[in-house]
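Data block below; observations after.
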Amino acid sequence: MAGIESKKSAYRPVTISGPQRRAHRHFRAGHREQGAGSGVCTHCAGTGHSIVFSGRTHRKDFCAALLPLPRFSTRQPATVGSRGCCGPGACVGNRAQADVPSPRALAGSPQNPYKHGHGFNGERMYWSRTLIPTSREVPADADILSHQLMVRAGLVRRLSAGIYDWLPLGWRAMQKICGIMRQEMARVDAEEIQMPAILPAELWKQTGRYFDYGPLLFKLKDRKDTEMILGPTHEEIVTELVKACVSSHKQLPLTLYQIQQKFRDEARPRSGLLRVREFIMKDAYSFHSSVESLGKTYHDIFHAYVRIFKRCGVTAIPVEAESGPIGGDASHEFICPCAAGEDLIARSEDGSYAANLEMADRQIPADAGFPIPGADVSAQLQRVHTPGAATMEQVCTFLHVAPQQMIKTLVFVKSEADGGGFVVACVRGDHEVNEAKLRRLVGPVQLAEDAAARTAGFVIGFVGPHVVNHTGAQLVIDPDALAIVTAVTGANEKDYHVTNFNWITHLEAQHRGKAQVADIRNVVDGDKSPHGSALTLEKGIELGHVFKLGTKYSQALGAVYLDDKQQSQPIIMGCYGIGPGRIMVAALETLSDKDGIVWPIGIAPFEVLITPIRYEGQARTVADELHAQLADRGVEVLLDDRDQRPGVKFKDGDLIGIPLRIVIGDKGLATGQVELKRRTAAAPEMLPLENLAEQLVALIGQMRPRV
RNA sequence: CGGGGCGUAGCUCAGCUUGGCUAGAGCGCUUGGUUCGGGACCAAGAGGUCGCAGGUUCAAAUCCUGUCGCCCCGACCA
């Protein structure tokens, strides 16, 4: 405990003047080296990062790029003051951007140095002195791979349903992800802030979301009985903030973001860390005086997100998602294809089209509609008794027909504001109505309540399209349902269905005339994308979402600016979220192997694991030296100093998935070598002891994705 | 919220049907010893209000009722 205390107290800002002041704002006392000047970062060799330092600053052969936050183990006082500022990866990650990082990229958050960058540079970590509770047993309550691995590797521990402790390894990985997000957000001129997690319910009532969110909101009352909520997202709060601080178009555009805990009282937390009740989210909000400006920022952040996911080593496919009031391509989700995912996306074979299931369009024949060529109008409607068979499956079994021969008829009701009329939607028996598509076609609707529908003459469970003959409801038909020549469908009579249903004969002409024929169903495997290529459905994890909000919140909360003609205008907004925990889950789900985690280098809690076969004698000396050299070069390195048998260390090492493992044993040392085992490689390779640290630094640089 | 399942040691589980002696195993942990390149072995130990409350009974981990918690399927999920 004393160690923790002294660690905390070691954080103290130092005063640095000059242009690099922002970059150095959070340097801790302990950088004792004196002198001012400039030079080239030895760890970005070739990237040309210059370093500038003045007065009391850090060691001069490391560049100041990218959010340094050195930490020193107080257990190793001899090493304090000798650490570099940035890992090689941090610098290399910035390589493509420019020769010299923009001052923005160096910016920091004075309020929260702990959340700034990943901040693990220069630290010598020993396995025996941290907390890595690995386990051989698969936890009983974990049924997806990522969850099992996170618990077995000691990344997290469940405290309550959907609520987790983050242990050192997991938290380090989280901080790495957050560091990448901070760097990329800085590159698109987004500034970090921190809003409260406890919010007054009043603001949420003003936008109506207090009710829209319903039981998903964690609600509480303070001692004065004021209703509060735990924030599930922050549109209201950030809008209120900007409303108070921004009044002129000259202050726009503006992008703010935070990385913060969110709370949602999920009906059913599940899938380990995928759907949880308390989670970290990076949420960004942009503010504009024109739709064009919003479009530019949306584009910039979209591409920042592409870089973030790439640097994190996870696949993320941008897919079209339900767009808001702006319309067009106003919303994209970033989905990692993966069996454990909860979202469904449709992708075309040729890669030209990707959308979530809600949005995925398909090609329909240009001539779909009435009249229907080749329709058999001679067949007689047959009424058949189907007692109790109210579902598609029951009817199919009962009548021995395939669902492809059936018409599924669903009754929707329009919103009160829209007159509250009924809409009858017909799809083929094996298809599902896509409510989002239906809404885009006929306005706001929802599935009718049984009681209301029955009162209006709909025999729920036995409805057929011809119900519109006597109810006069609006009829919408999917082309595939229309294409069935003689169909089986409901008889509009309890416990009866009909066969030989035919759209021409059994639908009165006036209703035929008014019927809309349109794509109103979910796409299925094999459907043609709007570009003509075959679609495939796959599951995926939603990692991020970018969204053009428009003026929904600014209008509700009165956030306006004065334009150049002295006119008051609502601020145009966008919002952009990423779930870092989901990035981690996606990485674990898609990259792990039978032995455990395989971290991508960008988000690995450590880059190098040093495993002396026995931590004594020459192996110990070599291990300690390498440990110090790597740490001095900004490499994140963990030394397995435990008095354990090699097998245990290897198994644990594989399980926690550090990308590079250096094994130091008598075998290699006899020939002046150590063993390098890449986590992704089947076999180890031997490396000479000479310039070992430099070799590893170079290797790590090569392993990082270029963006 | 509907359906199903589970709460016994830090972890994974047995015991419950058919109530009964001091509640068990493996892993992990502690101590000593022997080992030491893929989760060692020997010996001795520590550790459990059997989720909680009430009831039935001479007697409850076991049967009954209630309650809390957790997991899975579904509904739901800016």
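In what follows, every chain begins at residue 1, and chains take the letters A, B, ... in the order their sequences are listed.
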Atom [atom1], compared across [N] and [M]: separation rounded to whole Å:
N       : M       : atom1 : result
rC29(B) : rC71(B) : P     : 27 Å
rC41(B) : rG47(B) : P     : 25 Å
rG51(B) : rA46(B) : C1'   : 24 Å
rU35(B) : rU49(B) : P     : 40 Å
rG66(B) : rG10(B) : C1'   : 31 Å
rC11(B) : rC70(B) : C1'   : 16 Å
rU8(B)  : rG4(B)  : P     : 22 Å
rA14(B) : rA9(B)  : C1'   : 13 Å

Which one is paired to [N], where only Watson-Crick or G-U wobble pairs with both distances under 3.5 angstrom count?
N       : value
rC29(B) : rG45(B)
rC16(B) : none
rA60(B) : none
rA78(B) : none
rC70(B) : rG5(B)
rA40(B) : rU34(B)
rA53(B) : rU65(B)

So that I can tick it off, tell me whether Lys552(A) and Glu235(A) are bridged by a salt bridge, with the cut-off set at under 4.0 angstrom between side-chain N and carboxylate O. no
Tell me: [atom1] of [X] to [atom2] of [N], nearest whole Å?
X         : N       : atom1 : atom2 : value
Trp127(A) : rG39(B) : CH2   : C1'   : 12 Å
Asp641(A) : rC36(B) : CG    : P     : 21 Å
Ile656(A) : rG38(B) : CD1   : P     : 19 Å
Arg614(A) : rG38(B) : CZ    : C1'   : 16 Å
Asp652(A) : rC11(B) : CG    : C1'   : 14 Å
Leu655(A) : rG38(B) : CG    : P     : 18 Å
Lys651(A) : rC36(B) : NZ    : C1'   : 17 Å
Arg277(A) : rC71(B) : CZ    : C1'   : 14 Å

Scan [X] against the nucleic acid and name what it touches under 4.0 Å (heavy atoms): base, sugar-phosphate only, or nothing.
X         : answer
Thr207(A) : nothing
Lys667(A) : base
Arg642(A) : nothing

For Glu449(A), salt bridge (charged side-chain N to carboxylate O under 4.0 Å, His left out) partners two or more places apart: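 Glu449(A): no salt bridge (charged side-chain N to carboxylate O under 4.0 Å, His left out) contacts found.
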For Asp283(A), enumerate each residue passing the salt bridge (charged side-chain N to carboxylate O under 4.0 Å, His left out) test, keeping only those at least two apart in sequence or located in another chain. Lys262(A)
Ala161(A) or Leu669(A), whichever maps to the more 5' nucleotide of RNA chain B: Leu669(A)
Could you check which of [options] has an atom nearest any side-chain atom of [X]?
X         : options                   : answer
Asp141(A) : rC71(B), rG37(B), rG39(B) : rC71(B)
Arg136(A) : rU12(B), rG28(B), rG37(B) : rG28(B)
Ser135(A) : rG37(B), rC11(B), rG38(B) : rC11(B)

Looking at Tyr210(A), is Lys219(A) sitting on its ring face, NZ or CZ under 6.0 Å from the six-membered ring centre and within 45 degrees of the normal?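 Yes.
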How does protein reach along nucleotides 73-78 of chain B, written 5' to 3' as B (base within reach of a heavy atom under 4.0 Å), S (only sugar-phosphate), or - (no contact)? BBBBBB
Could you list the residues that satisfy side chain to side chain donor-acceptor pair (under 3.5 Å) with [X], not counting sequence neighbours?
X         : result
Asp300(A) : Lys296(A)
Ser271(A) : none
Gln695(A) : none
Gln446(A) : none

Are the side chain of His234(A) and the backbone of Pro196(A) linked by a donor-acceptor contact shorter than 3.5 Å?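 Present.
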Quick one: sort the Phe334(A) and Phe302(A) rings into parallel, tilted or perpendicular, breaks at 30° and 60°.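 Phe334(A) vs Phe302(A) ring planes: tilted.
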So, under a plain 3.5 Å distance rule, would you say the side chain of [X] forms a donor-acceptor pair with the base of [N]?
X         : N       : value
Gln644(A) : rG39(B) : no
Glu137(A) : rG10(B) : no
Asp666(A) : rG37(B) : no

Within residues 147-160 of chain A, residues whose heavy atoms come under 4.0 Å of RNA chain B: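 Heavy-atom cutoff 4.0 Å gives Arg152(A), Arg158(A), Ser160(A).
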Identify the pairs formed between an N or O of the protein and an N or O of nucleotides 40-46 of chain B at a distance under 3.5 Å, and give each distance.
residue	atom	partner	partner atom	Å
rA40(B)	OP2	Arg645(A)	NE	3.4

Counting only heavy atoms not in Leu447(A) (residues, nucleotides, ligands), do more than 12 fall under 6.0 Å from its CG?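 Yes, enclosed.
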Return yes when atom CD of Glu393(A) has more than 12 non-hydrogen atoms of other residues, nucleotides or ligands closer than 6.0 Å, and no otherwise. no
Donor-acceptor pairs under 3.5 Å, side chain of residues 572-579 of chain A to any protein atom, not counting sequence neighbours: which ones?
residue	atom	partner	partner atom	Å
Tyr576(A)	OH	Ser286(A)	OG	2.7

With sequence neighbours left out, what residues match Tyr615(A) under ring pair (Phe, Tyr, Trp, His ring centres under 6.0 Å)? none
Sorted by chain and number, sequence neighbours left out, ring pair (Phe, Tyr, Trp, His ring centres under 6.0 Å) with His431(A) holds for none
